**Q** 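Just passing along the structure, written as structure tokens.
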Amino acid sequence: MSAAPPHPLNPAQREAVRYLDGPCLVLAGAGSGKTRVITHKIAHLVQEAGYAARNIAALTFTNKAAQEMQERVAQLLPKESASGLTVCTFHALGVRIVREEAKALGLKPSFSIMDADDCFGLIQQLCATTDKQLIRRIQTAISLWKNGLVAPDDANHLASDENEAQAARIYRSYNATLSAYQAVDFDDLIRLPAELLQRDDEARTRWQNRLRYLLVDEYQDTNACQYQLLKLIAGPRAAFTAVGDDDQAIYAWRGATLENLRQLQTDFAQLKVVKLEQNYRSSARILQAANSLIANNPKLFEKKLWSEHGMGDAIQISMADSDEHEAESVVIKLQAHKFERRAKFSDYAILYRGNHQARVFEQALRKEKIPYLLSGGQSFFDRAEIRDIIAYLRLLVNQDDDPAFIRAVTTPKRGIGSATLEALGTYAGEREVSLFTALFERGLESRLAARQIELLRTFGEFINRIEWRAQREPAGEVLDELMKALDYEAYLYDGNDDRTAQSKWQNVLDFTTWLKQKGEEDENGKAPTLLQLTQTIALISMLDKQEGEQDAVRLSTLHAAKGLEYPHVFLVGIEEGLLPHKGSEDDDLTLLPTRIEEERRLMYVGITRAQRSLHVSWCKKRKRGRDMAAREASRFIGEMQLGEGQVNAPEEAPMSSKERLSNLKALLNKTM
DNA sequence: CACTCCGGGATTTTT
DNA sequence: TCCCGGAGTG
């Protein structure tokens, strides 16, 4: 995803952009300019093919990708002709459809969107257990079922053991509870539109006429449900372009299925396949290694990346004595390399399999006072203070949203505790109404002390008053008033030390500022309502103040590095058991028989992030309990087929720092 | 009986 | 880092 290169589209790219006679699959190798193809194709559709921008939708998986695409389209198309263009995530399109078709789906337009935490809590309630492992397992099972278009009944039928049967039962009541809350989960945002368009001819035609051309990014990451939705919207005209790379499919564990790539060919016999094989990112040697590695996977489509860049630097493989030694050694090499190349810290990335592996590298970098950025990090919208506010927003929009009610009514503390809520919950359950509705009912008065009733109703009336205002005033101002009325700032200072309270309050202010700004801006000139804002917020995870400018080494998981590129890459911990990860062997009774292949693709993704230099390392021993366990180099290192002269000799370990330095010097001489 | 403290272990993550 | 579980303490 580099900035648009100065050269014109290459022949394959041009073909992909211009082909409009039917469905089109673009197999875009790593670094082959896929974003460029999508953005140019949008421009082509508008400027050459006579499509109105409002009839075109480009779908991505992340907000970040959508934003980047949006920006790059803006560089190609004048603002007027891009007006009404849809560039958003699958889920954002889903919200739009669910909102407009709410009635047909049995939902109020003010439905809530539950995030993973809410759903976790919900499942916890339903199976009345505190076993987090179990809850998580059920949660992922439900998600996989939904993504695979498996209904609760089917899940029950397919259940092979009691555990699965239990999960299937919970799946059913989970859906029922969501309906009662007037809420949907993330998976429903795709599933509900897909089911609706399947059964409702009129709605289907309407959306088919509205979105007359679809472009799908990262097609290899789509799940069955998303493919279904795509097919339904594309309809018989099948006017779409899917862009993806089967070699970079690394999300099978999340429900994505390469089956969708295969099926594209069977579902659309007239499918045009265009391969983008010229890579604009990496040196030839890096591509050779990547090609050799991935050649070990069975091929869906034959594809071989090449580049016009020179051979470039030798790929380095090194072995370290321990994970600490590996970190130290990587940091030393990085410093020397940076000095030698006069590079910036931000030219370097250290990539690993699991988040926990970052720790030793953080320590080593800190010791050397090297600035670094840790990818991932907790999402802005997951912070407690932000979730508090969002709970209020959700409650203002949808009073049936019980999870939001519970969070709001207990934050800040207003003398309503678990006992009161339990009584309220029992009563609401009997009456089959939401907690909010129940609190105003006379029948509740026999169940709770007068004092508790009073507290609850005070809260209820408070929400009603704000809601009344929220319907006629801008969201940002209502929110300011709300914060003041809650004395939320004082609440933060009450429960935290000054420093954290201050930063939390700052987050709240950032959030309200952001919300106010969102409340104004709108390409069509009309401000989004509180309802729209609240539903949008649910889909945004990261506040996109990506500090891309900072000169700092990037630390990232291989998964999170997908789509990014760095001049110099260190792949660390490349050992059997870690990559491929243990438990990825094919032999056990996993649902997916292709785990090793996915691990290999993960390695492939790692290698192809590198532009100029690649450094692969592994540890001979790694801390395991009290002592060190022996480890082996990953089979993937061998599969890279590095010839003589392409690899520097593995560094011997253990070494003293002195030895290491002299070794390093030798290494440097060799490379120069 | 409950709470805290320490040590060990760890897939991957978005919406 | 974070989370979980076991042991030790009040």
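Below, read A as the first sequence line, B as the second, and so on, with proteins coming before strands; counting in each chain starts at 1. What you see is a predicted model, and the numbers here were worked out from it, not measured in a lab.
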**Q** What is the distance from OH of A/Y352 to C1' of B/dA10, rounded to the nearest Å?
**A** 14 Å
**Q** Mind calculating the distance between NE2 (A/H559) and P (B/dT13) to the nearest angstrom?
**A** 7 Å
**Q** Please say whether the positively charged group of A/R254, taken as NZ for Lys or CZ for Arg, lies over the ring of A/Y251, i.e. under 6.0 angstrom from the six-membered ring centre and within 45 degrees of the axis.
**A** yes
**Q** Which nucleotide of DNA chain C is the first, and which the last, in the 5' to 3' direction, to come under 4.0 Å of a heavy atom belonging to chain A?
**A** C/dT1 to C/dC4
**Q** Would you name the heavy atoms of A/I170 and A/C127 that are closest together and state the gap between them?
**A** CD1-CB, 3.1 Å
**Q** Are A/D118 and A/R387 packed together at the side-chain level, in the sense that at least one heavy-atom pair is separated by less than 4.5 angstrom?
**A** yes
**Q** Under the criterion side chain to side chain contact (heavy atoms under 4.5 Å, CB included), which of A/L211, A/T222, A/V87, A/L93 is the partner of A/L59?
**A** A/L93
**Q** With nearest nucleotides of DNA chain B determined for A/F186 and A/H356 from heavy-atom distances, which residue corresponds to the more 5′ nucleotide?
**A** A/H356
**Q** Between B/dT15 atom P and A/R96 atom CZ, what is the distance in whole Å?
**A** 18 Å
**Q** How many Å lie between NZ on A/K132 and P on B/dA10, as a whole number?
**A** 18 Å
**Q** Could you list the residues that satisfy side-chain hydrogen bond (donor to acceptor under 3.5 Å, both in side chains) with A/Q263, not counting sequence neighbours?
**A** none
**Q** How many Å lie between CG on A/N223 and P on B/dT15, as a whole number?
**A** 14 Å
**Q** Can you check whether A/N63 has a side-chain N or O nearer than 4.0 Å to OP1 or OP2 of B/dT15?
**A** yes
**Q** Would you mind reading off the distance between A/Y251 atom OH and B/dT15 atom P, rounded to a whole angstrom?
**A** 10 Å
**Q** Let's go through A/Q67 and A/N63 carefully: what are the C-alpha distance in whole Å and the side-chain angles of both, what is the deciding distance for side chain to side chain donor-acceptor pair (under 3.5 Å) to 0.1 Å, and is it a yes or a no?
**A** CA-CA 6 Å; A/Q67 198 185 322; A/N63 291 304; over 6 Å; no
**Q** Among residues two or more places apart or on two chains, list those pairs meeting ring pair (Phe, Tyr, Trp, His ring centres under 6.0 Å) that have a residue in residues 114-148 of chain A.
**A** A/W145-A/Y171
**Q** Whole angstrom is fine here: how far is it from CG in A/L558 over to P in B/dT13?
**A** 10 Å
**Q** What nucleic acid atoms does A/N355 come within less than 4.0 Å of, heavy atoms only: base, sugar-phosphate, or nothing?
**A** sugar-phosphate
**Q** With a centroid cutoff of 5.5 Å and a plane-angle limit of 30°, would you call A/W253 stacked on B/dT12?
**A** yes
**Q** How many Å lie between CE on A/M114 and C1' on B/dT15, as a whole number?
**A** 15 Å
**Q** Reckon A/T557 has a side-chain N or O less than 4.0 Å from the OP1 or OP2 of B/dT13?
**A** yes
